[in-house]
Protein chains: 4
Amino acid sequence: MKTTEEESMADKALKTRRTSIGAQRNPQSQEAILQAAEEILVEGGLGSFSIEAVARRARAGKPTIYRWWPSKTMLLLDVYHRQKYVDIAPDTGTIEGDIFNVLYGLLEFWRTERAGAVFRSVIAEAQTDPEACRALAAYMVDRYRQGSEMFQRAKDRGEAADWIDPEQAMELIASFAWHRLLTDRLDIPEDELRRAARQFANSVKA
Amino acid sequence: MKTTEEESMADKALKTRRTSIGAQRNPQSQEAILQAAEEILVEGGLGSFSIEAVARRARAGKPTIYRWWPSKTMLLLDVYHRQKYVDIAPDTGTIEGDIFNVLYGLLEFWRTERAGAVFRSVIAEAQTDPEACRALAAYMVDRYRQGSEMFQRAKDRGEAADWIDPEQAMELIASFAWHRLLTDRLDIPEDELRRAARQFANSVKA
Amino acid sequence: MKTTEEESMADKALKTRRTSIGAQRNPQSQEAILQAAEEILVEGGLGSFSIEAVARRARAGKPTIYRWWPSKTMLLLDVYHRQKYVDIAPDTGTIEGDIFNVLYGLLEFWRTERAGAVFRSVIAEAQTDPEACRALAAYMVDRYRQGSEMFQRAKDRGEAADWIDPEQAMELIASFAWHRLLTDRLDIPEDELRRAARQFANSVKA
Amino acid sequence: MKTTEEESMADKALKTRRTSIGAQRNPQSQEAILQAAEEILVEGGLGSFSIEAVARRARAGKPTIYRWWPSKTMLLLDVYHRQKYVDIAPDTGTIEGDIFNVLYGLLEFWRTERAGAVFRSVIAEAQTDPEACRALAAYMVDRYRQGSEMFQRAKDRGEAADWIDPEQAMELIASFAWHRLLTDRLDIPEDELRRAARQFANSVKA
DNA sequence: AGATAAGCGAGACGGTACGTCACGTCTTCAC
DNA sequence: GTGAAGACGTGACGTACCGTCTCGCTTATCT
């Protein structure tokens, strides 16, 4: 949730007339463009996402967008990176609890429409643009590293087997979430989700 | 692998001038269109896949394409469905062996360039087109059912726990493969693949 | 002056919705584009003449314009060629009378705003575009040939000297008209015009 | 021809880094801008003449140009006015000789590439910009006054008729030169040029 | 001597037009 | 009625300039 100040700042960026502030990037324009891009993505999906549409909505000139983002893909990635996901990997004491929490949190985050639509677009774009694909892959590897801590803890506790690779284990979990996102089936009944968590916990058992 | 007759038929479809064969669908045209679509997809990816390009390559009129495929998405799905994957779910005696074989076969199938490029495109398209998304989801559910047999066998053998849902277990495995396809990381070292198979096998253990 | 039928045809071209009439040029679109181009030229001059503006006014697509006119210049020339000037080179019996009539007719034709504005634009364009310059020069040479008849008649009558080149003589007269057009001084007092005609007549005297 | 000092000054204006010299116009900047403008005009014609290009070439800021020249047109006129034409109206004793010399000198001056390209641009610009048109017309009237002296001399000698208006006579000659410039036909064979001069001389005969 | 005021380069800004590409629809004509 | 062909209106692409703006600086002129 955004604070009041942030919202008014963003609104100002969109609603007041902007102009150059000298030979330097105008942060209000950047804000307006990113905000407009996100809104379009959320409202109409990747299909209605075009530089023209973003420029129109942000009341910005197309060259201003192209000046700072070399391609549609890069703008997309920037929009995605603004979607700050508070990555909680809470220590519940058991690996199954941790996994359930992570899965539940991620799916819930995507279900709040904004984030899900944006991320789906990024993945789709990566299937067209090799650079986006590399960026996405690199980003994911980084995310696995973050998420893998819970498996490391489990190994330290002796709950997970020695031969388990924490990052790969994390990847399997993320893969499941991706798959549900991409087939538009984020609304998972709790028992299914629990069973998945249990299975993943089982999979690393010593 | 295609037979010689099929190839010459396809070649004929592409190279000779075609015209109406009366008030009925001309199968040569359909063949030429699908073949051209597949080639474009494989050579240039989804980015260079356009109705216009397909029509050009197939020496077909655009209306001919629109007459038989209501949208780009549907043409894409048709191309995908032609990619007959010989779904082997061989009974190796152990669930881990079965899983490894399925994973290895799928990734190998996609690595043979043609199939992978096409399927990636289908998934990307599904992120834009809700109808494609539904079709894809339905197709996947069907595939899980096929693939789940090995888990059923494992349950029958007592190798897998009672609480395991064979289809969901299959989904987890497919998810992993999808994820690697979508991040262009199909070249998995054998030890990683073995570890993944072992983990998946572990996950269903009683 | 256009006939009523022509006007209603042109109006129809502009006002009714047009579409393709098969794999052939749609004359209504062509008409609408040329008409719109002329109107823009007359109303706002070369400065406001842009392909976008023409397309907008003609309710045509830009590609339709580019399909048939490779450049702004060519569209301009086409507009000019539609401005059919009834080239009267009346035989008044004296060369001075002929010259006066030709000069008066030409300036009057240009003063009727439409033709003058279009021709000024063509000349200006020719200063930028070498191809337009060539086309214009060729067109002018042709016009001199037409206009030179009166000098030939004068030579036959013994009114003009043998050493006179009829076409070059015609060029001098056209040059004067051009000059007045280009400096926006078409409103020439009759005595000045008479003096010019007298001078030109003098210039060819035996 | 420029003196050595002027050239080095101009070079300095272009090559050394310039900055403000206090609350006053920096003549080096003005020089650099005008020089750059002329060069661009000569090298690429009016088509490649843009404020942006001039600023780039002169290493000047756009606002510096706009501060001193309200429009592209005015900059163009300034460039033209720097093209000092040594207006020779030599007294050869006969009006035909005078006319030939003036015509030959003017065409030769324009043929030396620099002047011709610039003047063509001014005329073209005047077809778009009414202010430029007025300025050009005023300038031309002034030039006729200068050039008309030879006709006045001819009248004084009794070589030209009383009813001749020297300035208008001069205009006819300039018109011919303009016409050749604008249709890119400055390379006139000497016999044609002689005939033209003879005709113009004839035209004012008593 | 220090403040002030304007000129300077730089370059970002919101725009308009460029010329190209693909969209999905339409009509014609040969079979 | 099916097929190739290709024109149509639409709209996005990425680029070039437009004319305006604010910046940080430099330097002459005025307290």
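Chain letters run A, B, ... following the sequence lines, proteins first, then strands; residues in each count from 1.
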For a quick test of your reading: what N or O donor-acceptor pairs under 3.5 Å do the side chains of residues 121-132 of chain C make, sequence neighbours left out?
unit_1   : atom_1 : unit_2   : atom_2 : d
C/Ser121 : OG     : C/Ala117 : O      : 2.9
C/Glu125 : OE2    : C/Thr73  : OG1    : 3.1
C/Gln127 : OE1    : D/Arg120 : NE     : 2.5
C/Gln127 : OE1    : D/Arg120 : NH2    : 3.0
C/Gln127 : NE2    : C/Ile123 : O      : 3.0
C/Gln127 : NE2    : D/Leu182 : O      : 3.0
C/Asp129 : OD1    : C/Glu131 : N      : 2.8
C/Asp129 : OD1    : C/Ala132 : N      : 3.2
C/Asp129 : OD2    : C/Thr73  : OG1    : 2.8

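In this structure, C/Arg25 atom CZ and F/dG9 atom P are separated by 12 Å, rounded to whole Å. What separates NZ of A/Lys62 from P of E/dT16 is a distance of 11 Å, to the nearest Å. Whole-Å rounding puts the C/Arg18 CZ to E/dT27 P distance at 15 Å. The distance between atom CD of C/Gln28 and atom C1' of E/dC26, rounded to the nearest whole Å, is 14 Å. Atom-to-atom, CZ of C/Arg56 to P of F/dT10 comes out at 13 Å; the value is rounded to the nearest Å. One can place CG of A/Asn26 at 13 Å from P of E/dG15, the figure rounded to the nearest angstrom. Rounded to whole angstrom, the span from the CD1 atom of C/Ile51 across to the C1' atom of F/dG9 amounts to 16 Å. Rounded to whole Å, atom P of E/dC13 lies 14 Å from atom CD of A/Glu31.
Mapped onto DNA chain F by nearest heavy atom, D/Ser71 and B/Ala55 fall at different nucleotides, with B/Ala55 at the one closer to the 5' end. Mapping C/Glu52 and A/Gly61 onto DNA chain E via the closest heavy atom, the residue that lands nearer the 5' end is A/Gly61. Between B/Pro63 and B/Ser50, the residue whose closest nucleotide on DNA chain E is further toward the 5' end is B/Ser50.
OP1 and OP2 of F/dA7 both lie 4.0 Å or more from every side-chain N or O belonging to C/Trp68. Between F/dG9 and C/Arg59, no contact under 4.0 Å exists linking OP1 or OP2 to a side-chain N or O. Side-chain N/O atoms of D/Ser29 include one lying less than 4.0 angstrom from OP1 or OP2 on E/dG9.
For A/Tyr66, counting side-chain heavy atoms from C-beta on, the closest listed nucleotide (E/dA22, F/dA16, F/dG14) is F/dG14. Out of E/dC23, F/dC13, F/dC8, the shortest distance to the side chain of C/Thr64 is found at F/dC8. Here the side chain of C/Arg67 is nearest to one of F/dA16, E/dA22, F/dC8, namely F/dC8.
When all heavy atoms are compared, the tightest approach of B/Gly61 to B/Ala55 is C-CB, 4.4 Å.
Taking B/Ser50 as the reference, B/Glu52, B/Ala53 meet the side-chain contact (heavy atoms from CB on, under 4.5 Å) condition, with sequence neighbours excluded. Checked against side-chain contact (heavy atoms from CB on, under 4.5 Å), D/Gln24 has the following partners two or more places apart in sequence or in another chain: D/Ile21. Take D/Ala60 and apply the side-chain contact (heavy atoms from CB on, under 4.5 Å) test, not counting sequence neighbours, and it matches D/Arg18, D/Ile33, D/Ala58.
Within 4.0 Å of B/Ala60, counting heavy atoms only, lie sugar-phosphate atoms of the nucleic acid but no base atom. Residue-level contact check: C/Gln30 touches neither bases nor backbone, having no heavy atom under 4.0 Å from any strand. A/Trp69 comes within contact range of no nucleotide atom at all, as no heavy-atom separation falls under 4.0 Å.
To the nearest 0.5 Å, atom OG of residue D/Ser29 and atom CG of residue D/Leu34 are 11.0 Å apart.
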Short heteroatom pairs, N/O only, protein and nucleotides 26-29 of chain F, under 3.5 Å:
unit_1 : atom_1 : unit_2  : atom_2 : d
F/dT26 : O2     : D/Ser20 : OG     : 3.2

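Looking at A/Arg114 and A/Gln83, their side chains never bring a donor and an acceptor atom within 3.5 Å of each other.
Under the ring-ring contact (aromatic ring centres under 6.0 Å, His included) criterion, no residue pair touches residues 43-78 of chain B, with sequence neighbours excluded.
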